[in-house]
Visitor: 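One structure follows; several queries about it will come next.
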Amino acid sequence: MWIADKWKDYEALDCSGGEKLERWGSYILLRPDPQVIWNTPRTMKQWNRLNAHYHRSSKGGGEWEFFDLPQQWAISYRNLTFNLKPFNFKHTGLFPEQAVNWDWISEKIRQAKRPVKILNLFAYTGGATIAAAAAGAAVTHVDASKGMVAWAKENAAASGLSGAPIRWIVDDCVKFTEREIRRGKTYDAVIMDPPSYGRGPKGEIWKIEDAIFPLIQTCVNVLNDAPLFFLVNSYTTGLQPAVLAYMLGAAMKKYRGHVDAQEIGLPVTASGLILPCGASGRWERMP
């Protein structure tokens, strides 16, 4: 398992009974987590000192209960800064477990010692985009949500990267990639974090089980002759790490490289356990 254990501003404090107790900067949030199917005593004092609690509804969805939480605040990871706010379906605008991939991306870019162009698909609020740009890469950031792209721009500005070479694109990721291929554009690396289900800006339906491997195959055609890496993230239960590895291995077979895939996770302070938070598949070029 790849573990995001370098945080200072974020902490998974405890988890029990389908809920995860977290510290985001100086604020304590309690959110549902479907992986937490065990019950343990809630002994940490923070269980009773919440700033916000997301209550899941038995009918689906849910709602926030706020006690003392600003509409927006910021936390940092290394030299990166992210704006947070509670919004739709329990999210805060950041997946802290992805920090383990931000570190890997940054290392690959710095080791390249040459200009690097990255295509980041389903790029959300820009965690990977900002990490890559801070490491010196030129990034094309693509997401179907105009609001998410605007949020990512704010995160870039907060990280001192307003002038970084980032292209901000609001578009359907599949259609944009196909157009880039027709235009003859190429990249050194691809990052994708596809949702289990979603819709594009014009109502295009995305269902990950049907669409992810064809998209990976399409993205191979936008890579140059000496790509650095290909990173695929998944929060879909059915896509185990081995499945991500097999897809990347099959799609990237014409290149000399190495594939690895693991669960990604967060250390839990109270128990010392590692909380699973999805999976990632990584292809990297071999010397």
Side-chain angles (χ1 to χ4, degrees), residues 1-11 74-84 93-143 149 151-168 186-193 219 222-224 226-234 241 244 248 252 255 257-267 277-287:
M1 181 181 285
W2 292 320
I3 303 168
D5 57 1
K6 301 296 189 293
W7 278 99
K8 294 181 179 179
D9 279 5
Y10 171 84
E11 186 179 5
I75 65 172
S76 295
Y77 181 77
R78 300 191 188 275
N79 59 334
L80 313 176
T81 299
F82 302 100
N83 295 307
L84 307 176
L94 193 68
F95 292 94
E97 62 274 10
Q98 285 297 328
V100 71
N101 283 323
W102 304 338
D103 288 344
W104 181 78
I105 290 165
S106 300
E107 181 184 12
K108 294 299 166 191
I109 293 166
R110 294 188 180 105
Q111 287 178 347
K113 299 186 184 304
R114 61 177 172 86
V116 175
K117 294 195 303 179
I118 292 178
L119 177 62
N120 186 12
L121 303 173
F122 309 98
Y124 195 53
T125 58
T129 291
I130 295 163
V139 186
T140 298
H141 173 111
V142 188
D143 198 281
V149 173
W151 193 338
K153 286 182 180 180
E154 292 177 9
N155 285 336
S159 298
L161 295 167
S162 294
I166 304 172
R167 282 202 299 163
W168 304 103
T186 61
Y187 295 86
D188 297 282
V190 172
I191 300 166
M192 66 170 69
D193 198 348
C219 286
V222 84
L223 291 170
N224 58 30
L228 286 179
F229 64 84
F230 199 134
L231 172 65
V232 181
N233 294 305
S234 172
L244 298 178
L248 281 173
M252 297 292 288
Y255 296 109
H258 171 72
V259 175
D260 194 5
Q262 302 282 341
E263 285 186 294
I264 55 176
L266 291 164
C277 304
S280 295
R282 299 170 177 173
W283 177 94
E284 59 183 300
R285 185 174 183 81
M286 299 298 289

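Keep in mind that this is a model prediction, so the values were computed, not measured.
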Visitor: Looking just at side-chain N and O atoms, do Thr81 and Ser76 make a donor-acceptor pair shorter than 3.5 Å?
Guide: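 Looking only at side-chain atoms, Ser76 and Thr81 do form a donor-acceptor pair, the distance falling under 3.5 Å.
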
Visitor: Would you confirm whether Asn155, through its side chain, and Asn83, through its main-chain N or O, come within 3.5 Å as a donor-acceptor pair?
Guide: yes

Visitor: Looking at every heavy atom in both His258 and Met286, which two are closest together, and how far apart are they?
Guide: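 Where His258 meets Met286 most closely, the heavy atoms are CB-SD, 3.4 Å.
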
Visitor: Any chance you could measure Glu154, atom CD, to Ser159, atom OG, to the nearest 0.5 Å?
Guide: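 Reported value, rounded in 0.5 Å steps: 11.5 Å.
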
Visitor: Flag the pair Asp260 / Trp2 as yes when at least one side-chain heavy-atom distance between them is below 4.5 Å, and no otherwise.
Guide: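 Side-chain contact under 4.5 Å: yes.
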
Visitor: How close do Asp188 and Pro115 get, counting heavy atoms only, and between which atoms?
Guide: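 Smallest interatomic distance, heavy atoms only, reads OD2-O, 3.9 Å.
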
Visitor: What distance do Asp193 atom CG and Asn120 atom CG have between them, rounded to the nearest 0.5 Å?
Guide: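 It comes to 8.0 Å.
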
Visitor: Once rounded to the nearest 0.5 Å, what's the spacing between atom CD1 of Ile264 and atom OG of Ser234?
Guide: 9.5 Å

Visitor: CZ of Arg167 to CD1 of Ile118: how many Å apart, nearest 0.5 Å?
Guide: 13.5 Å

Visitor: Drop me the distance from Trp102's CH2 to Leu231's CG, to the nearest 0.5 angstrom.
Guide: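 Between atom CH2 of Trp102 and atom CG of Leu231 there are 12.5 Å.
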
Visitor: Report the residues that fulfil side chain to side chain contact (heavy atoms under 4.5 Å, CB included) with Pro267, sequence neighbours left out, ordered by chain and then residue number.
Guide: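 For Pro267 the side chain to side chain contact (heavy atoms under 4.5 Å, CB included) partners, ignoring immediate neighbours, are Ile3, Asp5, Ile274.
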
Visitor: Any idea how Tyr77 and Trp7 line up, ring-wise: parallel (<30°), tilted (30 to 60°), or perpendicular (>60°)?
Guide: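 Tyr77 vs Trp7 ring planes: tilted.
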
Visitor: Walk me through whether Leu266 and Tyr10 qualify under side-chain contact (heavy atoms from CB on, under 4.5 Å).
Guide: CA-CA 10 Å; Leu266 291 164; Tyr10 171 84; 3.7 Å; yes

Visitor: Is there side-chain contact between Lys117 and Asn224, with heavy atoms separated by less than 4.5 Å?
Guide: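 Result no, sub-4.5 Å side-chain heavy-atom pair not found.
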
Visitor: Do the rings of Phe95 and Tyr124 sit parallel, tilted or perpendicular, given the 30° and 60° boundaries?
Guide: tilted

Visitor: Are any side-chain N or O atoms of Thr129 and backbone N or O atoms of His141, one a donor and one an acceptor, separated by less than 3.5 Å?
Guide: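 Judged by distance alone, no pair lies under 3.5 Å.
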
Visitor: For residues Glu263 and Pro241, report the shortest heavy-atom separation together with the two atoms involved.
Guide: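 So the minimum-distance heavy-atom pair works out to N-CG, 3.7 Å.
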
Visitor: Show the nearest heavy-atom pair for residues Ala134 and Asn79, with the distance to one decimal.
Guide: CB-ND2, 3.9 Å

Visitor: side-chain contact (heavy atoms from CB on, under 4.5 Å) for Arg282 and Asn101? Distances and angles first, verdict last.
Guide: CA-CA 9 Å; Arg282 299 170 177 173; Asn101 283 323; 2.9 Å; yes

Visitor: Does Leu228 reach the side chain of Arg114, with side-chain heavy atoms less than 4.5 Å apart?
Guide: yes

Visitor: Run the side-chain contact (heavy atoms from CB on, under 4.5 Å) check on Asp103 and Arg78 step by step: do they pass?
Guide: CA-CA 10 Å; Asp103 288 344; Arg78 300 191 188 275; 3.0 Å; yes

Visitor: Does any non-hydrogen side-chain atom of Phe229 lie less than 4.5 Å from one of Ile191?
Guide: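 They are in contact (side-chain heavy atoms under 4.5 Å apart), so the answer is yes.
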
Visitor: Would you check if Pro227 and Trp283 make a side-chain contact, meaning some heavy-atom pair closer than 4.5 Å?
Guide: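 Yes, their side chains come closer than 4.5 Å.
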
Visitor: Applying side-chain contact (heavy atoms from CB on, under 4.5 Å), run through Cys219 and Leu121 and close with a yes or a no.
Guide: CA-CA 10 Å; Cys219 286; Leu121 303 173; 3.6 Å; yes

Visitor: For a 4.5 angstrom cut-off between non-hydrogen side-chain atoms, does Phe122 reach Asn233?
Guide: no

Visitor: Could you report the tightest heavy-atom contact between Ala132 and Ile105, atom names first, then the distance?
Guide: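 Closest approach of Ala132 to Ile105, heavy atoms only: CB-CG2, 4.0 Å.
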
Visitor: Once you round to the nearest 0.5 Å, how far does CD1 of Ile109 lie from CD of Gln111?
Guide: 10.5 Å

Visitor: Thr125 and Trp151: which non-hydrogen atoms are nearest, and at how many Å?
Guide: CG2-CD2, 3.6 Å

